[in-house]
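Notes for the one structure printed next.
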Amino acid sequence: MVLYLSVALIAAFVLWGLLSPASLGAAASAGVAFTTASFGWYYLLAVLTFLLFCGYLALSRYGSVKLGRDEDEPEFSTASWFAMLFSAGMGIGLVFWGVAEPVSHFLKPPGGLTPESPEAARAALKYSFFHWGLHPWAIYSVVALSIAYFSFRRGEPTLISRTFRPLLGNRVEGPIGQVIDVLAILATVFGVAASLGFGAIQINSGLNSAFGLPVGVASQLAIIGVVTVLYMLSASTGLNKGIQLLSNTNVVLAGLLMAAVFVLGPTVFLLDTFTTSVGGYVQDLINLSTRLTPFTGDTWVGGWTIFYWAWWIAWAPFVGLFIARVSRGRTIKEFVTGVLLVPALVSFLWFTVFGGSALRQELQGDVAIAEATQKDVSTALFALFDTLPLGGGLAILATLLISSFFITSADSATYVLGMQSSRGNPNPSTPVKLIWGVLQALIAAALLLSGGLAGLQSASVLAALPFSAVMLGMCWSLHRALSEEFPRHPAPRPEQAPKQDAA
């Protein structure tokens with residue numbers, strides 16, 4: 001039922017987007033405007049709650065609890081674990097926004113700062129750190145912890161709905177549980193499809209920079225078609241082959257690209273910038289987490305922070321389930337520390353190297369990157385490469401990295417969607433994964449046709465709202481399960497009766 005209902009709803013959406021893209025675009029824009037205006041406060045408080053909840057679990061008496069049986073050991077090495085969760089959790093987004101977001105904030109900073117000033121540059125990196133730091137990984141951690149605990153320690157099927165057993169009892173196996181699983185699937189599909197659309201747009205820009213491929217929807221649809229074939233081939237090989245290999249490849253390519261820009265760019269400036277930006281981020285973390293502008297009517301928070309929080313929530317069922325699958329045998333404290341701190345640190349380094357290099361060029365009077373960003377954000381990264389030695393080689397390497405991230409994200413998503421629509425089967429059948437692979441590609445195509453970049457953003461914001469309520473319920477359910485298994489004051493064991501003399 002979950003599979004059939006999910007496929008039917010998504011197929012209806014695809015038909016709407018393909019037959020009447022203008023109508024879909026108008027409806028999505030209206031829905032996003034209402035959601036950001038009416039639920040912005042809710043998104044901010046919900047995501048802050050997720051971050052505080054993860055910190056509480058790691059530092060509490062539950063931190064030593066294993067995500068599995070007490071004797072379980074991790075299935076993957078720490079290096080492969082980091083590679084897989086990072087590739088699935090950020091991937092295309094980091095490459096797409098690494099230059100474009102800081103430069104966008106630099107040109108139109110929040111809080112009344114003077115555009116294109118040193119203060120705007122500092123704020124640009126601080127807000128980029130905020131959007132890609134601890135908060136998104138806390139969102140992923142809530143879903144991953146819940147799934148891992150209930151699946152590996154309690155023996156439940158790997159389904160979002162089964163994490164609610166402490167609250168709903170056996171009703172998780174009925175219609176209520178099916179609705180929860182359908183909501184998780186819909187959020188996953190639209191969140192991943194948006195990222196695939198971003199990836200197609202930027203691959204198009206990279207191929208245009210390197211080989212002159214025309215930029216347009218036709219090229220982007222062709223790219224989606226080619227990459228769809230590649231990630232479905234990878235999906236048929238299984239978790240331990242295709243995804244692990246791709247994830248490790250992603251880390252190597254990303255490391256090479258970041259190291260090259262670090263060395264070829266303003267190295268000392270970047271080191272100073274990293275230190276200053278991390279300090280500003282840590283000092284203003286709570287203020288950033290609750291920042292709205294009800295008195296000024298500024299739409300910056302809705303256009304950036306609310307969009308990002310919704311995007312991460314839409315990705316949470318997919319990334320959370322995937323991270324849970326590769327995290328068996330780790331303690332809650334080890335999990336939270338690894339999933340929150342290490343990827344956030346890598347994100348800070350990434351934005352410092354790419355965004356910092358671009359901002360340095362702007363502050364020195366070279367406005368080419370800013371002009372490219374204003375014209376088309378997908379070209380910002382390649383505009384930076386044009387200012388560096390070996391820029392053509394960097395553009396080709398970046399395009400390969402985007403393609404590899406594209407394939408990994410889609411491959412991981414088909415695996416998770418197949419598992420969720422197959423009653424939690426940890427090894428979903430290849431036909432089911434292929435169905436989801438095709439549907440993801442079709443939704444990405446429909447979103448591109450109906451609104452381009454704005455349409456991709458709209459899908460994430462709308463899909464995230466109902467699932468965010470599911471995530472708050474997951475926090476409550478997980479805490480109840482942990483407190484039941486490990487009560488603060490366990491009942492004393494009855495004293496053993498003295499043995500009687502045989503005589």
Side-chain angles (χ1 to χ4, degrees), residues 1-15 88 140 143-144 146-148 150-152 155-165 168 171-196 228 231-239 242-243 313-326 408-447 459-460 462-464 466-467 470-471 473-474:
M1 182 59 67
V2 170
L3 174 63
Y4 297 151
L5 181 58
S6 302
V7 169
L9 291 172
I10 292 166
F13 180 89
V14 170
L15 287 175
Y140 298 156
V143 177
S146 299
I147 287 289
F150 284 99
S151 297
F152 304 142
E156 295 279 1
T158 311
L159 296 169
I160 298 287
S161 59
R162 299 308 171 92
T163 66
F164 283 83
R165 191 175 292 278
L168 299 177
R171 285 176 292 176
V172 297
E173 301 172 19
I176 295 178
Q178 292 174 343
V179 169
I180 291 173
D181 290 330
V182 169
L183 289 175
I185 288 174
L186 293 179
T188 299
V189 168
F190 286 104
V192 174
S195 292
L196 299 186
T228 297
Y231 74 66
M232 288 199 296
L233 288 174
S234 176
S236 66
T237 64
L239 182 67
I243 296 178
I313 291 171
W315 264 54
F318 146 53
V319 179
L321 280 160
F322 184 77
I323 292 175
R325 172 64 182 81
V326 300
T408 307
S409 297
D411 187 355
S412 304
T414 57
Y415 170 79
V416 169
L417 289 167
M419 186 167 57
Q420 282 293 286
S421 58
S422 302
R423 300 178 181 175
N425 180 5
N427 296 297
S429 67
T430 297
V432 170
K433 289 190 289 185
L434 295 182
I435 288 173
W436 287 118
V438 171
L439 286 175
Q440 283 180 132
L442 289 175
I443 290 178
L447 292 172
S460 298
L462 296 176
F467 191 73
V470 173
M471 289 182 61
M474 294 174 78

Fill in the blank from the handout: In this structure, CG of Leu5 is separated from CD1 of Ile185 (nearest 0.5 Å) by 9.0 Å
Practice task
Find out whether Val470 and Ile160 are in side-chain contact, i.e. whether some heavy atom of one side chain is under 4.5 Å from a heavy atom of the other.
Solution key: yes
Practice task
Hey, could you give me the CG/CG distance between Leu186 and Leu417, rounded to the nearest 0.5 Å?
Solution key: 10.0 Å
Practice task
Identify, with sequence neighbours excluded, every residue that meets side-chain contact (heavy atoms from CB on, under 4.5 Å) alongside Thr158.
Solution key: Ile147, Ser151, Leu321, Met419
Problem - Non-hydrogen atoms of Phe467 and Ile313 that approach each other most closely - result: CD2-O, 3.8 Å
Practice task
Quick one: list whatever passes side-chain contact (heavy atoms from CB on, under 4.5 Å) with Leu168, sequence neighbours left out.
Solution key: Phe164, Arg171, Val172, Ile176, Ile180
Completion exercise
Contacts of Ser146 meeting side chain to side chain donor-acceptor pair (under 3.5 Å) (sequence neighbours excluded), chain-then-number -> none
Fill in the blank from the handout: On a heavy-atom basis, the closest approach of Ala464 and Ala314 is CB-N, 3.9 Å
Completion exercise
Sequence neighbours excluded, the answer for side chain to side chain donor-acceptor pair (under 3.5 Å) partners of Thr188 is none
Exercise for the section: Specify the closest pair of heavy atoms between Val143 and Pro317, including all atoms of both residues, with the distance to one decimal. Expected result: CG1-CA, 4.2 Å
Handout entry: Rounded distance [0.5 Å steps], CZ in Arg165 versus CD in Glu173
Key = 4.5 Å
Practice task
Output all residues satisfying side chain to side chain donor-acceptor pair (under 3.5 Å) with Gln178, sequence neighbours left out; order by chain, then residue number.
Solution key: none
Completion exercise
Nearest heavy-atom contact between Gly418 and Trp436 is N-CD1, 3.7 Å
Completion exercise
Note: Ala324 and Phe152 closest approach over all heavy atoms is O-CE1, 3.0 Å
Practice task
Could you walk me through whether Phe150 and Leu159 pass the side chain to side chain contact (heavy atoms under 4.5 Å, CB included) test, one step at a time?
Solution key: CA-CA 9 Å; Phe150 284 99; Leu159 296 169; over 6 Å; no
Exercise for the section: Keeping to residues at least two apart or across chains, list the salt bridge (Lys or Arg N to Asp or Glu O under 4.0 Å) pairs with something in residues 176-192. Expected result: none
